[in-house]
Protein chains: 2
Amino acid sequence: MKKILIVDDDAELRSTLTEILGEAGYRIDKAASGREALDKIHSADFDIILLDLMMPGMNGMEVLSEVRKTRPRIKVIIITAFATVNNAVDAIKKGASDYISKPFKIEELLAIVRRVIEEARFENGIRKLDLENTLNSLSNPIRRDILQLLHIRHEMRLMEITRKLDIEDHTKVVFHLKLLKESGIIKQNKEKSYFLTKEGEKMIELLKFLDSYLSAH
Amino acid sequence: MKKILIVDDDAELRSTLTEILGEAGYRIDKAASGREALDKIHSADFDIILLDLMMPGMNGMEVLSEVRKTRPRIKVIIITAFATVNNAVDAIKKGASDYISKPFKIEELLAIVRRVIEEARFENGIRKLDLENTLNSLSNPIRRDILQLLHIRHEMRLMEITRKLDIEDHTKVVFHLKLLKESGIIKQNKEKSYFLTKEGEKMIELLKFLDSYLSAH
DNA sequence: CTCGACTGTGAAATTTAATTCACAAATCTC
DNA sequence: GAGATTTGTGAATTAAATTTCACAGTCGAG
């Protein structure tokens with residue numbers, strides 16, 4: 001389960017939050033000051049920080065910028081008094097994910113935490129380059145055809161592919177082959193035959209999956 | 001399992017082929033002439049036809065063109081004597097999938113049949129339009145972002161999305177929303193809020209799958 | 001060696017996708 | 001209901017993807 005750090009100088013609020021979030025199944029740690037928070041952040045690995053902006057000593061904003069700088073994957077949710085919502089908005093501009101103003105309902109808090117976690121799932125999970133690359137390769141019908149051909153025939157040379165796809169201008173095929181090669185999806189052996197790499201086989205599996213997925217109404 | 005029709009005037013070859021392919025798990029039917037073959041083709045539903053070109057009466061070529069015309073999904077594999085390979089090549093130009101010349105090795109035959117089946121899987125299976133549509137929608141990062149936002153937030157209005165994505169010109173967002181709407185991936189309610197359709201939720205699942213798939217090394 | 005088929009490059013042209021801009025109707029806010 | 005905000009359209013522009021074309025080196029067969 002996700003690990004949450006609660007940062008607030010108010011001991012009572014800390015234990016309230018600990019109780020609520022603990023019951024919801026999160027692993028909780030607490031810090032009573034900005035200083036203590038940063039120590040914990042640098043020694044352990046949190047997913048979310050619940051951060052009070054108004055604290056004596058190092059204030060929340062400083063903690064926020066430090067976290068953004070050194071642990072950009074950690075999501076920060078600001079806790080703020082109703083009267084100082086504006087500060088929270090500033091905090092969001094500096095990279096906080098959301099804020100919650102005191103007093104708050106339990107459900108409201110949990111909803112925000114859940115949403116931020118979901119958000120993090122995407123941001124941290126997808127290595128954009130690969131996804132981008134994959135989708136670009138698959139989005140062109142000629143490239144898909146080439147992949148399928150190479151899957152079926154194991155290896156083919158330029159003109160074989162060109163004829164099989166019934167394309168007049170072979171340099172058109174060259175163009176797509178080059179893109180696929182650059183993406184590491186296909187390779188070429190000494191005999192000039194093109195064949196699928198391991199990545200390429202994955203693309204085929206993906207296509208099959210997509211197919212069956214889309215067919216399932 | 002796939003259903004294969006064997007068309008050959010040579011009774012011995014018919015039973016040899018039946019034995020080999022039957023053992024390999026295919027469902028087999030036989031025809032001794034072109035006429036008989038067409039009757040069977042029009043009454044039952046085959047995946048593959050093994051067709052001898054040289055037969056008395058209606059010859060294989062005629063059967064081939066008839067099949068191409070009325071049952072374009074059926075794959076035809078030509079059986080030909082070694083001496084008449086040229087005819088087989090002509091047949092392939094007319095739409096046959098492959099040929100095998102007598103005498104042949106069992107493994108050779110099975111390999112060709114398997115390959116042709118695999119080929120058919122793709123050609124018949126993927127409804128290109130949906131695939132096209134899906135991949136186009138997912139291939140743009142802004143559209144992916146929008147989908148993910150709508151997934152997390154359930155529903156959002158134009159300017160909410162625009163701000164959350166930190167895009168200056170809202171009409172840019174309008175552009176992508178329109179595309180997504182046309183693809184049936186999102187819809188809009190009376191309050192102008194955009195939300196994911198069932199299709200849209202599928203896209204999200206696909207993205208998650210893609211993610212984990214690509215992450216798995 | 002010479003011809004024809006094969007593989008490929010690079011620039012130019014074309015097509016398609018995406019962005020920007022000027023503007024306006026609808027809706028909200030005070 | 002005046003002014004700001006939101007939602008949207010359509011044309012013009014820009015950018016990106018794809019196609020076409022002219023050409024050239026390589027390779028195998030006769």
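Heavy-atom basis, side chains included; hydrogens, waters and symmetry copies ignored.
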Original post:
Base, backbone or nothing for each nucleotide of nucleotides 25-30 of chain D, written B, S, -, heavy atoms under 4.0 angstrom, 5' to 3'?
Top reply: ------
Output the distance between atom [atom1] ([X]) and atom [atom2] ([Y]), rounded to the nearest 0.5 Å.
X        : Y        : atom1 : atom2 : value
B:Ser97  : B:Leu51  : OG    : CG    : 11.5 Å
A:Lys3   : A:Ile49  : NZ    : CD1   : 11.5 Å
A:Phe46  : A:Ile6   : CZ    : CD1   : 10.0 Å
A:Leu53  : A:Thr80  : CG    : OG1   : 5.5 Å
A:Leu17  : A:Ile28  : CG    : CD1   : 8.5 Å
B:Thr162 : B:His170 : OG1   : NE2   : 7.5 Å

Can you measure [X] atom [atom1] to [N] atom [atom2] for me and round it to whole angstrom units?
X        : N      : atom1 : atom2 : result
B:Glu168 : C:dA22 : CD    : P     : 15 Å
B:Met156 : D:dT7  : CE    : C1'   : 15 Å
B:Glu182 : D:dT9  : CD    : C1'   : 13 Å
B:Lys190 : D:dT6  : NZ    : C1'   : 19 Å

Report the residues that fulfil salt bridge (charged side-chain N to carboxylate O under 4.0 Å, His left out) with [X], sequence neighbours left out, ordered by chain and then residue number.
X        : value
A:Glu107 : A:Arg114
B:Asp8   : none
B:Asp9   : none

Original post:
side-chain contact (heavy atoms from CB on, under 4.5 Å) with B:Arg157: which residues, sequence neighbours excluded?
Top reply: B:Glu160, B:Lys192, B:Ser193
Subject >> Partners passing side-chain contact (heavy atoms from CB on, under 4.5 Å) against A:Thr197 (at least two apart in sequence or in another chain) >> reply: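 Checked A:Thr197 against side-chain contact (heavy atoms from CB on, under 4.5 Å); matches are A:Lys187, A:Glu199.
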Subject >> Qualifying residue for side-chain contact (heavy atoms from CB on, under 4.5 Å) with B:Ile48, from B:Leu21, B:Ile74, B:Val116, B:Ile112 >> reply: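 Testing B:Ile48 for a side-chain contact (heavy atoms from CB on, under 4.5 Å) against B:Leu21, B:Ile74, B:Val116, B:Ile112 leaves exactly one candidate, B:Val116.
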Subject >> Divergence of helical axes at both termini of the helix from C:dC1-D:dG30 to C:dC30-D:dG1 - five pairs an end, 10° steps >> reply: 20°
Original post:
Mapping A:Leu177 and B:Asp169 to their closest nucleotides on DNA chain C, which lands nearer the 5' end?
Top reply: A:Leu177
Original post:
Taking the side chain as C-beta and beyond, is there a heavy-atom pair between B:Val63 and B:Met58 under 4.5 Å?
Top reply: yes
Throw together a table of side-chain donor-acceptor distances under 3.5 angstrom for residues 175-184 of chain B, partners on residues two or more places apart or in other chains.
residue  : atom : partner  : partner atom : Å
B:His176 : ND1  : B:Arg143 : NH1          : 3.0
B:Lys181 : NZ   : B:Gln188 : OE1          : 3.1
B:Ser183 : OG   : B:Asn133 : OD1          : 3.0
B:Ser183 : OG   : B:Leu179 : O            : 3.0

**OP:** With sequence neighbours excluded, give me every side chain to side chain donor-acceptor pair (under 3.5 Å) pair touching residues 49-68 of chain B.
**Re:** none
Where do N or O atoms of nucleotides 15-18 of chain D meet protein N or O atoms at under 3.5 Å, pair by pair?
residue : atom : partner  : partner atom : Å
D:dT18  : OP1  : A:Asn140 : ND2          : 2.8
D:dT18  : OP2  : A:Arg143 : NH1          : 3.2
D:dT18  : OP2  : A:Arg143 : NH2          : 3.4

Considering only nitrogen or oxygen atoms on both sides, find all protein atoms under 3.5 Å from nucleotides 5-7 of chain C and state each distance.
residue : atom : partner  : partner atom : Å
C:dC6   : OP1  : A:Arg163 : NH2          : 3.1
C:dC6   : OP2  : A:Arg163 : NH2          : 2.7
C:dT7   : OP1  : A:Arg157 : NE           : 2.7
C:dT7   : OP1  : A:Arg157 : NH2          : 3.0
C:dT7   : OP2  : A:Met159 : N            : 2.7
C:dT7   : O4   : A:His170 : NE2          : 3.4

Output one line per pair: protein atom, nucleotide atom from nucleotides 12-16 of chain C, and distance, for all N/O pairs under 3.5 Å.
none

